[in-house]
Asker: 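Once you've had a glance at the structure underneath, I'll fire off some questions.
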Amino acid sequence: MIKLRLKRFGKKREASFRLVACNSTSRRDGRPLQELGFYNPRTKETRLDAEALRVRLSQGAQPTDAVRFLLEKGGLLEKTVRPAETIGKLKQAAAREAAVKQAAKDAAEAKAAEAAAASESDDSATESTES
């Protein structure tokens, strides 16, 4: 399978990336089938060979997540939401709701304990004044 991925180059700690088409089993910095663009994360500079990218995508090449984001920003791909993102957001929402319910329950228990302690101290205060 052909993958569209980023190939790292540049100095240490000053990485730039080439957008390349390569076999899915090849190494990250191995020899690519074709170079399709450039991305510099420090300056946010992006150059894409739109025609070559359209050809590779029509041939069934699969972009990685980072490349998909760059292609969406460049207008070559329509922005899509992956099912994994939807499921993750639903799980996060459920976890937030559970946390809110737990916090409300803890607050109610703390308030009840505080009220019980206050009534207990009032009872002991009245007993001491009666004796």
Asker: For G74 and L48, which heavy atoms make the closest approach, and how far apart are they?
Answerer: CA-CD1, 4.3 Å
Asker: Could you tell me which non-hydrogen atom of N23 sits nearest to which non-hydrogen atom of M1, and how far apart they are?
Answerer: OD1-O, 3.4 Å
Asker: Counting C-beta onward and ignoring hydrogens, is there a side-chain heavy-atom pair between R56 and L4 closer than 4.5 Å?
Answerer: yes
Asker: Are L53 and L70 joined in one hydrophobic group, where the rule is that I, L, V, M, F, W and Y side chains link up if heavy atoms are under 4.5 Å apart?
Answerer: yes
Asker: Is it true that L76 and Y39 fall in one hydrophobic cluster, defined by side-chain heavy atoms closer than 4.5 Å?
Answerer: yes
Asker: May I ask you to test the K105-K101 pair for a side-chain heavy-atom distance under 4.5 Å?
Answerer: no
Asker: Could you tell me whether E109 atom CD has more than 12 heavy atoms of other residues or ligands within 6.0 Å of it?
Answerer: yes
Asker: Can you tell me how far CG of L36 sits from CZ of R47, rounded to the nearest 0.5 angstrom?
Answerer: 13.5 Å
Asker: Would F38 and L6 show up in the same hydrophobic cluster when neighbours are defined by side-chain heavy atoms closer than 4.5 Å?
Answerer: no
Asker: Verify the neighbour count for atom CZ of F9: are there more than 12 heavy atoms of other residues, nucleotides or ligands below 6.0 Å?
Answerer: yes
Asker: Minimum heavy-atom separation for R42 and S16, please, with both atom names.
Answerer: NH2-OG, 3.5 Å
Asker: Give the minimum heavy-atom separation between L71 and P63, together with the two atoms involved.
Answerer: CD1-CB, 4.3 Å
Asker: Check whether V20 and L77 end up in the same hydrophobic cluster, where Ile, Leu, Val, Met, Phe, Trp and Tyr are linked by side-chain heavy atoms less than 4.5 Å apart.
Answerer: no
Asker: Please find the pair of heavy atoms, one from N40 and one from A15, that lie closest to each other, and give the distance.
Answerer: OD1-O, 4.1 Å
